[in-house]
Engineer: 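Take a look at the following structure, please.
All residue numbers in this chain count up from 1 along the given sequence. Ligands are counted one by one from 1 in listed order, and the atoms in each one are counted from 1 as well.
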Amino acid sequence: MSTHHRTGGLVDGFGRMATDLRVSLTDRCNLRCTYCMPEEGLDWLAKPELLTGEEISRLVRIAVTMLGVREVRFTGGEPLLRRELVDIVRAAAALEPRPTLSVTTNGIGLARLAPTLREVGLDRVNVSLDTLDPARFKAMTRRDRHADVVAGLAAAVDAGLGPVKVNTVLMRGVNDDEAAALLAWCLERGYELRFIEQMPLDAQHGWQRSEMITAGEILTALRAAFRLDPEFGRGSDPAERWLVDGGPGTVGVIGSVTRPFCEACDRTRLTADGQIRNCLFAREESDLRAALRGGADDAEIADRWRAAMWTKKAGAGIDDPEFLQPDRPMSAIGG
Ligand code: SAM
Ligand code: SF4
């Protein structure tokens, strides 16, 4: 394979350009969703391993001003647990050209933080919610925090962080009977619901293809209650979207396993300990933290980032029999 370009954006060998940066701010979380991590949590990264707020802001600046990144999403783990979040968002909002800024969160603490985040320049939030039933929520996340999430969603709208997106993972025999009810609930409140197929990214390696609720099954369940018409112009959005009952409400389905969208992928990922991953399912990482702490200048860091993206594979191949789950779970990579 030829070598990467030393100027310009984050292109790979298949001609895709990464303009959407996902930054994991921490691998820690205050929930324990069964599809994500075990009850006892994980071996969290130690503080010296984590990038500092300043280091994160520097890498975001390099991505936006030198590498063509236009959209920055903060995730984790649970990004609201990171105290520096407000300063990191403020610094990113001051960049030229100004990137679009969003946070993917479980919603706990959002009721308190939403106004401040809006004030410092956050544009949008994605909130994860898998059930309308508090008891079920407790069983799925091993924490009794359903009301906090619901309050967080409402506060996000009030603070002007809309359109608010809701992410839902359905599990067989657990919450797969709630697809239509969740959609009705979200439509009533003006939230954009997106279902995500469960991926083999749990720390416990418990994922089984047969247990996953597929995009096809989700659509069948929704069509029993609503009319769905395809919305055109998917672009690089991994969600296929449908107009519900003639619109304007929509619903999205992210079929990462059964309907992969790798050919349009525009993502680049930075882990909480400063590693670049060119794909959620990549088995290799590139260490920017060592470069940062070794005194590399901006140009050198930008070049390492380009090199890391150049080798991005054509597809993740989750549905292939030879698929190998990455070593790190979703909570450590940044979902
Ligand atoms: N803690 C935040 C949250 O839950 O929104 C941000 C990180 S979380 C890893 C990001 C998204 O990934 C959430 O919507 C979560 O439901 C989803 N997720 C976690 N594990 C998953 C899995 N194995 N398959 C599919 N989606 C998953
Ligand atoms: Fe935490 Fe998000 Fe994983 Fe749930 S999905 S355990 S909220 S990181």
Side-chain angles (χ1 to χ4, degrees), residues 22-42 44-45 73-82 85 102-110 113 124-131 136-146 148-149 152-153 156 164-172 174-176 182 186 191-209 211-215 218 238-239 252-260 267 269-272 277 280-281 316 318-319 323 325-326 328-335:
R22 301 239 160 163
V23 183
S24 174
L25 296 183
T26 174
D27 57 335
R28 287 174 199 253
C29 193
N30 41 12
L31 296 184
R32 295 286 184 273
C33 304
T34 54
Y35 51 73
C36 185
M37 52 172 90
E39 168 114 58
E40 64 277 14
L42 301 167
W44 311 122
L45 292 165
R73 310 183 194 217
F74 299 103
T75 179
E78 177 44 49
L80 299 192
L81 291 179
R82 190 77 198 251
L85 173 64
S102 61
V103 166
T104 300
T105 169
N106 62 29
I108 294 172
L110 188 58
L113 268 171
R124 277 194 299 276
V125 288
N126 288 20
V127 178
S128 303
L129 180 65
D130 301 324
T131 176
R136 215 177 242 190
F137 182 92
K138 189 176 172 196
M140 289 188 77
T141 67
R142 302 173 177 120
R143 300 286 188 272
D144 197 4
R145 308 296 298 267
H146 190 261
D148 300 71
V149 183
L153 275 162
V164 170
K165 290 184 181 165
V166 172
N167 291 347
T168 298
V169 175
L170 293 179
M171 295 177 79
R172 198 174 298 288
V174 178
N175 63 338
D176 55 335
L182 275 159
C186 286
Y191 309 151
E192 276 180 32
L193 177 62
R194 294 133 36 103
F195 292 96
I196 309 174
E197 278 181 347
Q198 191 186 346
M199 294 178 277
L201 283 170
D202 56 314
Q204 318 84 287
H205 291 236
W207 183 88
Q208 281 184 315
R209 175 75 168 76
E211 286 304 298
M212 179 190 66
I213 304 291
T214 63
I218 295 165
V253 180
I254 305 183
S256 327
V257 181
T258 65
R259 305 177 182 205
R267 309 245 167 107
R269 293 170 188 276
L270 175 64
T271 67
R277 297 180 69 99
L280 200 48
F281 296 96
I318 312 175
D319 247 358
F323 174 77
Q325 185 167 340
R328 293 221 227 193
M330 179 93 140
S331 54
I333 299 168

Engineer: Any side-chain to backbone donor/acceptor pair from Q198 onto M212? Under 3.5 Å, distance only.
Structural biologist: no
Engineer: For atom 18 (N) of ligand 1, what is the closest protein heavy atom, and at what distance to 0.1 Å?
Structural biologist: M330 CE, 3.5 Å
Engineer: Tell me: protein heavy atom nearest atom 3 (Fe) of ligand 2, and distance?
Structural biologist: C36 SG, 2.4 Å
Engineer: Taking both backbone and side-chain atoms into account, decide whether C33 has an N/O/S atom under 2.8 Å from atom 3 (Fe) of ligand 2.
Structural biologist: no
Engineer: Is the shortest N/O to N/O distance between C29 and ligand 1 below 3.5 Å?
Structural biologist: no
Engineer: Could you tell me whether some N/O pair between E78 and ligand 1 is separated by less than 3.5 angstrom?
Structural biologist: yes
Engineer: For N167, take its heavy atoms, then give the atoms of ligand 1 lying under 4.0 Å from any of them.
Structural biologist: 14 (O)
Engineer: Tell me, do P326 and R277 make a side-chain contact under 4.5 Å, heavy atoms counted?
Structural biologist: yes
Engineer: When only distance counts, is T105 in polar contact with ligand 1, meaning an N/O pair under 3.5 Å?
Structural biologist: yes
Engineer: Can you sort out which atoms of ligand 1 are near N106, meaning under 4.0 Å from one of its heavy atoms?
Structural biologist: 2 (C), 3 (C), 5 (O)
Engineer: List the closest protein heavy-atom neighbour of atom 2 (Fe) of ligand 2: residue, atom name, distance to the nearest 0.1 Å.
Structural biologist: C29 SG, 4.4 Å
Engineer: For ligand 1, which atoms sit closer than 4.0 Å to a heavy atom of T75?
Structural biologist: 6 (C), 7 (C)
Engineer: For the side chain of E192 and the backbone of N126, is there at least one donor-acceptor N/O pair under 3.5 Å apart?
Structural biologist: no
Engineer: I need the single residue from L85, T271, V103 that forms a side chain to side chain contact (heavy atoms under 4.5 Å, CB included) with L25. Which is it?
Structural biologist: L85
Engineer: Within the distance-only criterion (no hydrogens, no angle test), does the side chain of W207 pair as donor or acceptor with the backbone N or O of D202 below 3.5 angstrom?
Structural biologist: no
Engineer: Does the N175 side chain pair with the main chain of V169, one donor and one acceptor, at a distance under 3.5 Å?
Structural biologist: yes
Engineer: Please check whether Y35 reaches ligand 1 - meaning an N/O of the residue sits under 3.5 Å from an N/O of the ligand, judged on distance alone.
Structural biologist: yes
Engineer: Tell me, which protein residue and heavy-atom name are nearest atom 23 (N) of ligand 1, and how many Å apart are they?
Structural biologist: M199 O, 2.9 Å
Engineer: Of the backbone atoms (N, CA, C, O) and the side-chain heavy atoms from C-beta on, which set of V169 has a member under 4.0 Å from an atom of ligand 1: side chain, backbone, both, or neither?
Structural biologist: side chain
Engineer: Is any N or O atom of I196, backbone or side chain, closer than 3.5 Å to an N or O atom of ligand 1?
Structural biologist: no
Engineer: Hey, which of D130, V149, D144, D148 is the one that makes side chain to side chain contact (heavy atoms under 4.5 Å, CB included) with F137?
Structural biologist: V149
Engineer: So, T26 and E78: side-chain donor and acceptor under 3.5 Å apart, yes or no?
Structural biologist: no
Engineer: Find out whether T214 and R209 are in side-chain contact, i.e. whether some heavy atom of one side chain is under 4.5 Å from a heavy atom of the other.
Structural biologist: yes
Engineer: Under 4.0 Å from a heavy atom of G77: which atoms of ligand 1 are those, numbered in the order shown and with their elements?
Structural biologist: 1 (N), 2 (C), 6 (C), 7 (C)
Engineer: Is the side chain of R32 donor-acceptor paired with the backbone N or O of C29 at a distance under 3.5 Å, no angle test?
Structural biologist: yes
Engineer: Among G107, G76, S128, G206, whose heavy atom sits nearest atom 4 (O) of ligand 1?
Structural biologist: S128
